[in-house]
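Worth knowing before you read on, the calculation uses all heavy atoms, side chains too, and leaves out hydrogens, waters and symmetry mates.
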Amino acid sequence: MCEDSHGGFGRRALFVTGAAAALTLGSVSFASADGGGRESRTVRGTLPPGSPDFVYVPVEVPAGVREIKVAYAYDRPSVPAGTLGNALDIGVFDDRGTELGGRGFRGWSGGARTEFFIRADEATPGYLPGPVREGTWHIALGPYTVAPQGLSYEITITLTYGEPGEAARPVYPPERARGRGRAWYRGDCHLHSWHSDGRRTPAEIGELARAAGLDFINSSEHNTHSAHAHWADVAGDDLLVMLGEEITTRNGHVVALGTDPGTFVDWRYRARDNRFGRFARQIRRAGGLVVPAHPHATCVGCNWKFGFGEADAIEVWNGPYTPDDEVALADWDSMLVASVRDGRDWIPAMGSSDAHRSPDAVGSPQTVVLADDLTREAVQEGIRAGRSYIAESARVALSLRVSGGRGEHAGIGERLTVDRDTPVTVRLEVTGAPRCTVRLVTDQGVVHTSAPLPVSGSGVVEWRTTPSYAAYVRAELRHEAAAGPLPGPLAAFTNPVFLGRR
């Protein structure tokens, strides 16, 4: 065991990408592999408050390495109330470098693990198996938050020499499941397994998804695509598994929904770096959708700051319904009003569980999509078109339909093209929502509130209007309020039906 010390920012090189700086420390070197066996180096250092988002520790890896293993620890001093303490993320890039969007990425576990390993045939969840090639690797440290006292860390790198194992060929889930033709399909597009900071295996998530009545799910690990090759055995005729990533930046999170297998999307930028558009385009080139997640969440770095110009949909409801979801819903509705006012395209809403571990419920909420079949492409097309509603569980089902006097009709995400003064009828049919109240919402606000549905949970609500009065109409199902004038939490809500000619 050899030791080294980086001190504070001693022996460093600073490089700048856009407006964000990253720090590269002095290299860690190993002897050649002639002696075989195993060799370790330990480095220590301290990061002060105001550290760059990413600090890289170069590791000079000689030829003949079978496995690289990294373990780390850092101090957690007491801090005053209201002051952020220490949190240090970790990952690794191989000999191909740390270039933004480059090919060197080999894994990320954030703060979920204290150690990881990589070899040709296997790797810690969150990391990509493959050869440990000769060259300069980089351990990536992400000081998420730093206490006023600074953040002291210790990293131990262990190389095991020997012949590499045989690399496994990844197998990915199919892009099609046995569907019902054009039908409503239920899905949860934001989930975490042990490949990031979740505690469930993909197999456990698949079991819970089936129990929740889901037809499709999307793999969305924080800043890694390592799970992509571990879903093939989970998918089946009854469950479509799409592949993606939750790109977790310091200025908000975005779900890449349904990308091509093996797609990695970089996250090392902030809003001021003007990089997000490049990676949003990468998501689309890889066949995916760009979905900002929990845009008004209050956790550090979770609030969305990139704007919505690149969004294909917005995750308005994330996990158990909370005040930040209510803010997201109101913000999304304001965006709908602006879109009809300005004649712009609108952005559909989604809901997902963001489930990590027990007792997080997979499929609560879920997005229910009208798709031509149970395939990646068809589900994405339905989401992109807004032919969907969001429900707290598979028990809740609804149908929103608007009809004119001559038999014209339109459903969720569609447009009823009639003259401005044409009388139209809005009809909502609901099942599975006992004692819930129906609210119909237009660009004028809440225009109709029903009496509570019966304990059977089924009911029909009708309302009449004209396109001159309502440019769109959408429905909310809400549980009874606990107290006061505020509405109760959502049980379900729909994307809008638009009225009139554009």
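Atom CD of Glu377 sits in a sparse spot, with 12 or fewer heavy atoms from other residues, nucleotides or ligands closer than 6.0 Å. Residue Arg103 qualifies as open at atom CZ: its count of foreign heavy atoms under 6.0 Å is 12 or below. When the shell of 6.0 Å around CG of Asn274 is examined, it contains 12 or fewer heavy atoms from other residues, nucleotides or ligands. Arg178 CZ: 12 or fewer foreign heavy atoms inside a 6.0 Å radius. Heavy atoms from other residues, nucleotides or ligands lying under 6.0 Å from CZ of Arg357 number more than 12.
In this structure, the side chain of Tyr321 does not engage the main chain of Gly488 through any donor-acceptor pair within 3.5 Å. Of the possible polar contacts, none joining the Asp360 side chain to the Ala355 backbone as a donor-acceptor pair under 3.5 Å is found. Side-chain atoms of Asp372 never come within 3.5 Å of backbone atoms of Arg182 as a donor-acceptor pair (strictly under, hydrogens ignored). Remark: side-chain polar atoms of Thr367 are not paired, donor with acceptor, to backbone N or O of Gly187 under 3.5 angstrom. Ser226 places a side-chain N or O within 3.5 Å of a backbone atom of Gly126 that can act as its donor or acceptor partner. Panel note: side chain Ser468, backbone Asp421; no donor-acceptor pair is recorded below 3.5 Å. Side-chain N or O atoms of Asn218 include one that pairs as donor or acceptor with a backbone N or O of Gly258 at under 3.5 Å. Between the side chain of Asp215 and the main chain of Arg186, a donor-acceptor pair closer than 3.5 Å is present. Between the Thr375 side chain and the Arg176 main chain, no donor and acceptor come within less than 3.5 Å of each other. The closest donor-acceptor contact from the side chain of Arg268 to the backbone of Phe54 lies at 3.5 Å or more, if one exists at all.
Interatomic distance, Thr201 OG1 to His195 NE2, rounded to the nearest 0.5 Å: 8.5 Å. Interatomic distance, Thr124 OG1 to Arg113 CZ, rounded to the nearest 0.5 Å: 6.5 Å. Of the inter-residue distances, the one linking Cys302 atom SG with Arg250 atom CZ reads 11.5 Å to the nearest 0.5 angstrom. In this structure, His253 NE2 and Ser220 OG are separated by 11.5 Å, a value rounded to the nearest 0.5 Å. Rounding to the nearest 0.5 Å places CH2 of Trp231 at 9.0 Å from CG of Leu243. The CD1 atom of Ile205 lies 6.5 Å from the CD1 atom of Ile217; values are rounded to the nearest 0.5 Å.
Considering all non-hydrogen atoms of both residues, Gly277 and Glu310 come closest at CA-OE2, 3.8 Å. The nearest pair of heavy atoms linking Ala286 to Arg376 is O-NH1, 3.8 Å. When all heavy atoms of Leu477 and Ala433 are compared, the pair lying nearest together is CD2-CB, 3.6 Å. Pairing each heavy atom of Ala470 with each of Trp463, the nearest pair is CB-CH2, 4.5 Å. Taking both residues in full, the closest heavy atoms of Asp312 and Pro348 are given as O-CD, 3.4 Å, listed atom of the first, atom of the second, then distance. In plain terms, the two heavy atoms of Val379 and Val369 that are nearest each other are O-CG1, 3.9 Å.
Considering only heavy atoms from C-beta on, Leu214 comes within 4.5 Å of Val362 through its side chain. Looking only at side-chain heavy atoms (C-beta outward), Thr449 and Arg439 come within less than 4.5 Å of each other. The closest side-chain heavy-atom distance from Leu141 to Ile90 is below 4.5 Å. Under the 4.5 Å side-chain criterion, counting only non-hydrogen atoms from C-beta, His192 is in contact with Asp354. Glu476 places a side-chain heavy atom less than 4.5 Å from the side chain of Val441. Val300 has its side chain within reach of Thr145: a pair of non-hydrogen atoms, C-beta onward, lies under 4.5 Å apart. Contact annotation: the side chain of Phe105 never approaches that of Asn223 to less than 4.5 Å [non-hydrogen atoms, C-beta and beyond]. Residues Phe276 and Asn251 form no side-chain contact, since every pair of their non-hydrogen atoms from C-beta on lies 4.5 Å or further apart.
Qualifying side-chain contact (heavy atoms from CB on, under 4.5 Å) partners for Pro148, counting only residues two or more places apart in sequence or in other chains: Val79, Thr83. By the salt bridge (Lys or Arg N to Asp or Glu O under 4.0 Å) test, Glu207 is found to be paired with no residue, residues two or more places apart in sequence or in another chain being considered. When the side-chain contact (heavy atoms from CB on, under 4.5 Å) test is applied to Glu408, the partners found at least two apart in sequence or on another chain are Arg406, Leu416, Val418. Listed by chain and residue number, Glu221 satisfy the side chain to side chain donor-acceptor pair (under 3.5 Å) test with Ser193 (two or more places apart in sequence, or in another chain).
Residue pairs satisfying the side chain to side chain donor-acceptor pair (under 3.5 Å) criterion with at least one member in residues 330-341, sequence neighbours excluded, are listed as follows: His296-Asp331, Asp333-Tyr472, Asp333-Arg474. Legend: ring-ring contact (aromatic ring centres under 6.0 Å, His included) pairs involving residues 357-412, not counting sequence neighbours, sorted by first then second residue: Trp184-Tyr389.
Thr224 and Tyr127 share no side-chain donor-acceptor pair at under 3.5 Å. Side-chain atoms of Ser388 and Asn495 form a donor-acceptor pair, as typed in the model, at a separation below 3.5 Å.
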| task | Before giving the answer on side-chain contact (heavy atoms from CB on, under 4.5 Å), spell out for Ser358 and Arg200 the whole-Å C-alpha distance, their side-chain angles and the decisive distance to 0.1 Å. | result | CA-CA 8 Å; Ser358 180; Arg200 292 164 172 151; 4.0 Å; yes
| field | Full working for side-chain hydrogen bond (donor to acceptor under 3.5 Å, both in side chains) between His294 and Asp324 | value | CA-CA 8 Å; His294 45 66; Asp324 60 279; over 6 Å; no
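Using a 4.0 Å cut-off between charged nitrogen and carboxylate oxygen, Arg199 and Glu204 do not count as a salt-bridge pair. In this structure, Asp238 pairs ionically with Arg210, as a charged nitrogen and a carboxylate oxygen lie closer than 4.0 Å. Classification of Arg275 and Asp266 as a salt-bridged pair fails, no side-chain N sitting under 4.0 Å from a carboxylate O.
Relative orientation of the Trp267 and Phe264 rings is perpendicular, given thresholds of 30° and 60° on the angle between their planes. Note on ring orientation: taking the six-membered ring where Trp is involved, the planes of Phe306 and Trp304 are tilted (angle from 30° to 60°).
A cation-pi geometry, defined here as NZ or CZ lying under 6.0 Å from the six-membered ring centre and within 45° of its normal, does not hold between Arg106 and Phe116.
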